[in-house]
Number of protein chains: 2
Amino acid sequence: MENRNLPELDVLFDLADLFKVFGDSTRLRIMCTISNEEMPVLAIAEALGMEQSTISHQLRVLRQNKLVRSRREGKQIYYTLDDDHVKKIIEMGIDHILE
Amino acid sequence: MENRNLPELDVLFDLADLFKVFGDSTRLRIMCTISNEEMPVLAIAEALGMEQSTISHQLRVLRQNKLVRSRREGKQIYYTLDDDHVKKIIEMGIDHILE
DNA sequence: TGAATATATGAATATCTGTTCATGTGATGA
DNA sequence: TCATCACATGAACAGATATTCATATATTCA
């Protein structure tokens with residue numbers, strides 16, 4: 001936006017949807033938890049002290065928004081962040097809070 | 001998070017609150033509209049084709065989160081983004097969408 | 001094939017959130 | 001001081017959303 005034109009309306013709607021995904025503490029905690037290592041669902045649930053079902057539901061949201069990717073290995077499905085972009089968005093937010 | 005520890009729990013809650021503010025298209029549109037110039041409330045409302053009341057409510061949310069600041073000049077109150085950090089967060093989101 | 005384990009999903013519910021309508025507050029100018 | 005303009009705010013309502021419970025799906029191993 002610095003020297004760009006205003007974003008198109010539909011881009012702004014997509015953008016709102018993206019930030020909405022970041023705007024939930026459970027999802028943020030999941031993202032931070034798996035940011036440096038792959039983890040299966042139950043391990044995430046235990047790490048956060050939350051139900052497996054809750055985590056699965058939120059992982060689906062994250063998956064649909066391409067913020068995490070998964071890999072099956074036997075009975076378990078390992079999740080991790082999809083790319084470093086995600087980390088950067090979170091870090092930028094933290095910077096704003098801590099400033 | 002790159003090489004940091006996991007953010008504290010309370011930081012993550014604050015972070016979720018911050019992203020929640022960005023997760024609404026009306027607020028995003030307001031922020032983009034006033035990103036390069038100060039504007040009074042009615043002008044913003046007209047620019048977006050929305051009611052003055054709606055804009056005022058959302059400006060309050062933005063104010064409370066220190067994303068915009070305001071300045072009274074006579075009967076009008078001019079709003080603009082509080083700092084360039086806000087722009088950067090939005091730009092980072094756009095980059096993610098357009099990638 | 002059947003039991004056990006890991007994950008996903010659907011339905012239900014309680015809570016939160018954005019918008020609207022009505023009204024309040026503050027500033028200007030006659 | 002009164003009318004008008006610009007903005008803020010409270011209440012109410014509709015729509016969205018996160019969690020839970022129950023259950024389904026998929027994989028492994030005996």
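Quick note on labels: first sequence line is chain A, next is B, and so on, each numbered from 1. Since we're looking at a predicted model, the values are computed, not measured.
For the side-chain contact (heavy atoms from CB on, under 4.5 Å) test with A:Tyr79, the passing option among A:Arg63, A:Met39, A:Glu38 is A:Arg63; the others fail.
The CZ-P distance, from A:Phe13 to D:dA16, rounds to 13 Å in whole Å. In this structure, B:Arg29 places its CZ atom 14 Å from C1' of C:dG18, rounding to the nearest Å. The separation between B:Met50 atom CE and C:dC21 atom P is 12 Å, rounded to whole Å. Taking atom CZ of A:Phe22 as the reference point, atom C1' of D:dT17 lies 18 Å away to the nearest angstrom. Between A:Phe19 atom CZ and C:dG18 atom P the separation is 15 Å, expressed in whole Å. D:dA8 atom C1' lies 15 Å from atom CG of B:Leu62, rounded to whole Å. If you measure from atom CD of B:Glu51 to atom P of C:dA22, you get 11 Å, rounded to the nearest angstrom. When the P atom of C:dA27 is taken as reference, atom CZ of B:Arg71 falls 15 Å away, rounded to whole Å.
Considering every non-hydrogen atom in both A:Ala47 and A:Thr33, the closest pair reads CB-CG2, 4.2 Å. The two residues B:Pro7 and A:Ile94 come nearest to each other via the heavy atoms CG-CD1, 3.7 Å.
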Generate the contact string for nucleotides 3-10 of chain C. Rules: B means base contact, S means sugar-phosphate contact only, - means no protein heavy atom under 4.0 Å. --BSBBBB
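Pair assignment for D:dA30: C:dT1, on the basis of Watson-Crick or G-U wobble contacts that are both within less than 3.5 Å.
Residue order along DNA chain D, read from the 5' end via each residue's closest nucleotide, puts A:Thr26 first among A:Thr26 and A:Gly74.
The salt bridge (charged side-chain N to carboxylate O under 4.0 Å, His left out) search around B:Glu37 returns none, not counting sequence neighbours.
Listed for the A:Thr54 side chain is no donor-acceptor partner under 3.5 Å among the backbone atoms of A:Met50.
Taking 4.5 Å as the limit, some side-chain heavy atom of A:Leu67 sits within range of a side-chain heavy atom of A:Phe22.
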